Protein chains: 2
Amino acid sequence: MQYPLPIARLIDSFMKLPGIGEKTATRLAFYAMDMPKEDVQEFSQALTDVKEKLRQCSVCGNITEQDPCAICSNPARDQSTIMVVEEAKDVMAFENMGEYDGLYHVLHGVLSPMDGIGPEQINIKSLIVRLQKNDAVKEVILALNSTPEGESTAMYISRLIKPAGLKVTRLAAGLAVGSDIEYANLITLKRAVQGRTEL
Amino acid sequence: MQYPLPIARLIDSFMKLPGIGEKTATRLAFYAMDMPKEDVQEFSQALTDVKEKLRQCSVCGNITEQDPCAICSNPARDQSTIMVVEEAKDVMAFENMGEYDGLYHVLHGVLSPMDGIGPEQINIKSLIVRLQKNDAVKEVILALNSTPEGESTAMYISRLIKPAGLKVTRLAAGLAVGSDIEYANLITLKRAVQGRTEL
């Protein structure tokens, strides 16, 4: 005997999410069934909305309800700096930090030839076009993850845009604040020593 | 700055599920946003359906699309035995086992005075009414979890229905198949010795 069809379908849907197997999906589906009706309706509506109401900003690629996004259309932001990030989530991380008031460019991925992701599959071309069109930009910060793919994507973009006379920077690498030297990996330690600053 | 409203709402909805905190909810919401449109629509529909199309069987309390449920309305099942379980999930577990072909009664909980759950809060009254109306039932199997609440609920029901001359049984307690004696807790070991069977 199988679960009644509606619950079997909900279990299947939960199983499509990352890190959720059959047992967890079953637990979540039964939990959802016992949730207040309004909560379930909100959940259902939120899923539809996230697909229908959100789009990518045509300027920077960030996720937004209106186009261009709130950051691109805000004249008070520093128009001379563009921070290049991998994902829309990274924009939120820097916005929550609260110290950066320039613009962004979201790549939606990194170069990864092993997975068939070349420069055409991510948002690089629109960055080049944006820089060509816009003389106000003086600095591009490559805020990509400290992974092999992130580093090589940063190198690739840097080589493309540096000839135009732009200042191209990347985030400082070193020890995470609060972390132990003992547990740091070798490359992190090496970077921390190379990038040491005077007190 | 906050996430765009649709995604913030979806994160909130995911956070209402058990064991899902803010970081996981954010990860799941962004993942859902990148899922194929049909998958998201199915997910959204499954949530609505599970709330709207499923109800409790008026006879046994099991979760079902039609009332009475497929088990209660199947005349080929052994009408002389009712297995009392805590949750609809337990019915599925026994059905998947495939060796039981009697009827069920789903309590939807166990007695737990500390949490304010008395006999009126769970499906006990309907069991009594069902037994009074139905002479065909000869045995009631109390298949409740081996927890303090499960045990005391079983004792409570047993005391209520035994005077009617019914055979009241509970599941065998002992070592789980494949488990080590070394790691079994004392009560399990005690039960395993008490319930030893001849070879």
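Source: prediction; values computed, not measured. Only heavy atoms go into these numbers, but all of them, side chains included; no hydrogens, no water, no symmetry mates. A, B, ... follow the sequence lines: proteins, then strands. Residue 1 opens every chain.
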Group every Ile, Leu, Val, Met, Phe, Trp and Tyr by side-chain heavy-atom contacts under 4.5 Å, then state whether A/Val106 and A/Ile128 land in the same group. yes
Approximate separation, where rounding is to 0.5 Å, of B/Ser44 OG and A/Lys51 NZ: 12.5 Å
Side chain / backbone / both / neither for B/Ile11 at chain A, heavy atoms under 4.5 Å: neither
Taking the side chain as every heavy atom from C-beta outward, state whether A/Leu10 and B/Leu47 have any atom pair closer than 4.5 Å. yes
Do you know which of B/Arg9, B/Met35, B/Glu42 has the most heavy-atom pairs with chain A at a distance under 4.5 angstrom? B/Met35
Among B/Val40, B/Thr64, B/Asp49, residue most engaged with chain A (heavy-atom pairs, under 4.5 Å): B/Val40
Is chain B contacted by the side chain of A/Asp34, its backbone, both, or neither, given a heavy-atom distance below 4.5 Å? backbone
Contacting region of A/Phe43 [heavy-atom separation from chain B under 4.5 Å]: both
In terms of hydrophobic clusters joined by side-chain contacts under 4.5 Å, are A/Ile82 and A/Met97 together? yes
The reported gap from CG in B/Leu17 to OG1 in A/Thr24 (rounded to nearest 0.5 angstrom) is 11.5 Å
Residues, nucleotides or ligands: over 12 heavy atoms within 6.0 Å of A/Glu22 CD: no
Minimum heavy-atom separation for A/Pro4 and B/Leu54, please, with both atom names. CB-CD2, 3.7 Å
Looking only at B/Gln41, B/Glu87, B/Glu65, B/Lys53, most heavy-atom pairs under 4.5 Å shared with chain A are made by B/Glu65
Count the heavy atoms of every other residue, nucleotide or ligand shown that sit under 6.0 Å from CG of A/Asp180, and state whether that count exceeds 12. yes
Less than 4.5 Å to any heavy atom of chain B: does that hold for the side chain of A/Lys16, its backbone, both, or neither? both
Find out if a path of hydrophobic residues (ILVMFWY) with successive side-chain heavy-atom gaps under 4.5 Å connects B/Val59 to B/Leu131. no
Would you say that more than 12 heavy atoms from the other residues, nucleotides or ligands in this model lie under 6.0 Å from the CG of B/Asn185, or not? yes
Is B/Leu111 reachable from B/Leu171 through a run of hydrophobic residues whose side-chain heavy atoms are each under 4.5 Å from the next? yes
Can you tell me which portion of B/Ile63 sits under 4.5 Å from chain A's heavy atoms? Options are side chain, backbone, both or neither. both
Tell me whether B/Ile124 is reachable from B/Val140 by hopping between hydrophobic residues (I, L, V, M, F, W, Y) whose side-chain heavy atoms are closer than 4.5 Å. yes
Of the non-hydrogen atoms in A/Val50 and B/Met33, which two are nearest, and what is the gap between them? O-CG, 3.8 Å
